[in-house]
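No experiment lies behind these values; they were computed from the predicted model shown.
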There are 2 protein chains.
Amino acid sequence: MTTEQDRGEARCNQVLDAAATCFRQRGFHGASMAELARAAGMSVGHIYHYFENKEAIIAAIVERDVAEILALLDSLHDEEDILQALIREAGNEMEESPCSDEALQVEILAEASRNPKVAVTVHEGDRRARTRLAETIASGRARRGLPPLADLEARTEIIIALFEGLMLRRIRHPKAVDDATIAVLRSTLHTLLET
Amino acid sequence: MTTEQDRGEARCNQVLDAAATCFRQRGFHGASMAELARAAGMSVGHIYHYFENKEAIIAAIVERDVAEILALLDSLHDEEDILQALIREAGNEMEESPCSDEALQVEILAEASRNPKVAVTVHEGDRRARTRLAETIASGRARRGLPPLADLEARTEIIIALFEGLMLRRIRHPKAVDDATIAVLRSTLHTLLET
DNA sequence: CATTCTAGATTGAACATTCATTCTATTGCG
DNA sequence: CGCAATAGAATGAATGTTCAATCTAGAATG
C-alpha cells in the first residue's frame, strides 16, 4: 500500500514538476495539456488519472508554492541571528540569477486576481506566511534582547511588500543588482527589523 | 483629414478601453476577441480594421500603461514639496479601493516574463520611469536644500520595489490597510527620501 | 429636391486550428 | 489470467482571423 501510494505520489509530482516548468514558460492558460504531457513523459489521457482537470493541476501548483514559502520561513528559525539572516538573504535573493521563480509567482498572482478559488489559497497562504514572519521577527528581536515592537504587523507588511517588489524588479529591471542597491536594501531592512 | 484621424483614434481607443476591461477581468489570453468586440460595441471583424491582430492590441495596452505611469511621475513636478507629495501619495495609493489596476499590471508583467516583445516595452518603460523618478527625487531634495545623494539610483530602485510590492499586497492581502502600516510606510519612505 | 452611385465602414458567418477531456484499446505486472 | 496502468485517437467546444455581403454617408446627377 505504501509503495503504491508512493508511486502515485511520485507520478503526481512528475506531473507537477513538468507543469511548473510549462506554466513558468507559457503561463497557466498558454501551456497546453499536450505540452504538460510531453514534459512529464506521460500520455495526455493518463494525466487525468491523477488530476481531475487542468484547474486541479493549477490549484496544486499554487498550494505547492505556498508550502515552499512557508518552509523557507521555517528554515529561518534555525539561524542563530534571525534578523541578520533575513537581511543577508534579501541581498542574496537580489543577486539570484533571473531564471528563478518570479515568472510563476506572477502568474499565480494574475490567476488569483481573477480566479476566486486560487485567490482563497493565496490569501490563506499569505495569512500564514505573514503570521510566521512576524513571529520570526519577534523571536529574532527577543534573541537580540531588543524590545517588542508595537507595530510588528505593520513592519511585517512593509517588509513583505519590499520582498515582493524586489521579485517584480527582476522582471522589469533585470540588471538592477549592484552593491549600492543591496546596501540600501539592507539598510532599509535594518531600520525595519533592528530599530 | 484631422476629423478622420480623430475618428480613427477614437475607434482605436474604444477598442483599447474595452480591451483593458476584458484583459483586467480575464487576462490577455483568457479574454477572447468576441468578448472584446462585445465590450467595444464593434464587430469582431472590424477590430482588425484598426489592429493587425490580438498581439497588437496587447502591445498597445502595454504601451498605454507605460505612458500612464510616466504621466503620473510627471505630475509630481507640479508639487511644491515633491518629497512630501511622494510620501503622501504612497499612503493614498495604499488606501485605494482594490478594484484598480493591479490585475492588469500583473498580467503585463506575466506577459513580459514570457513574451520578448512585451518585455522590451516594459524594460524601456521602466528605464524611463526610474530615470524620471530619480530626477524627481533629486529635484525635490534640491528644493528642500538637502544635499545630493551619492546612492540616488539605488534608493530609487528600492522605492520602486516598495511601490510595486504594495501593489502586489493588494492582491495577496487586500485588507492590509491600516494606520500603523501607512505610518511605517511613510517612515520608511522618509528615510529613503529625506535623509 | 429625389434618386443614384460610389467608396469606405461595418457585420458576422465561415474557416482552420487548437484546446481540454473522454474513452477504447493495449500494455504491463503479479 | 485478471486487473491496473497507460497510450493516444476521437470528440466537441472554443479561438483568432478572414472575407463576402451589407450598410451608410456623402457626392453627383437630372
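Considering CD1 of A:Ile58 and NE2 of A:His29, their distance stands at 4.5 Å, rounded to 0.5 Å.
Counting non-hydrogen atoms under 4.0 angstrom, B:Ala31 reaches the backbone sugars and phosphates but no base.
Per the geometry, CD belonging to B:Gln14 stands 14 Å off P belonging to C:dA9, to the nearest Å. Following rounding to the nearest Å, A:Met33 (CE) and D:dA7 (P) show an atom-to-atom distance of 14 Å. Distance NE2 (A:His49) to P (C:dC23): 16 Å, rounded to an integer number of Å. In this structure, B:Arg26 places its CZ atom 10 Å from P of D:dG16, rounding to the nearest Å. At whole-Å resolution of the value, CD1 in B:Ile47 and P in C:dT11 are 10 Å apart. In this entry the distance linking NZ of A:Lys54 with C1' of C:dT21 reads 12 Å, nearest Å. Atoms CE (B:Met42) and C1' (C:dG12) sit 14 Å apart, rounded to a whole Å. In this entry the distance linking CG of B:Leu36 with P of D:dT17 reads 11 Å, nearest Å.
Ring-plane geometry between B:His46 and B:Tyr50 is classed as perpendicular, the angle between the planes exceeding 60 degrees on a 0 to 90 degree scale with a lower cut at 30.
For C:dT11, the OP1/OP2 oxygens have no side-chain nitrogen or oxygen of B:His46 closer than 4.0 Å. At D:dT6, one or more side-chain N or O atoms of A:Tyr50 fall inside 4.0 Å of OP1 or OP2 (strictly under the cut-off). OP1 or OP2 of C:dT10 sits under 4.0 Å from a side-chain N or O of B:Arg11.
Pair check for D:dG8 finds C:dC23; Watson-Crick or G-U wobble, both atom distances under 3.5 Å.
Between the side chains of B:His77 and B:Thr136, at least one donor N or O sits under 3.5 Å from an acceptor N or O.
Across C:dT21, D:dT17, D:dG8, the shortest atom-to-atom separation from the side chain of A:Tyr48 is found for C:dT21. Nearest to the side-chain atoms of B:Asn53 among the listed nucleotides D:dT17, C:dA20, D:dG16 stands D:dT17.
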Would you sort out whether A:Arg172 and B:Glu164 count as a salt bridge (Lys or Arg N to Asp or Glu O under 4.0 Å), showing the intermediate values? CA-CA 10 Å; A:Arg172 277 220 166 99; B:Glu164 302 204 327; 2.3 Å; yes
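The backbone N or O of A:Leu76 sits nowhere less than 3.5 Å from a side-chain atom of A:Glu79 that would complete a donor-acceptor pair.
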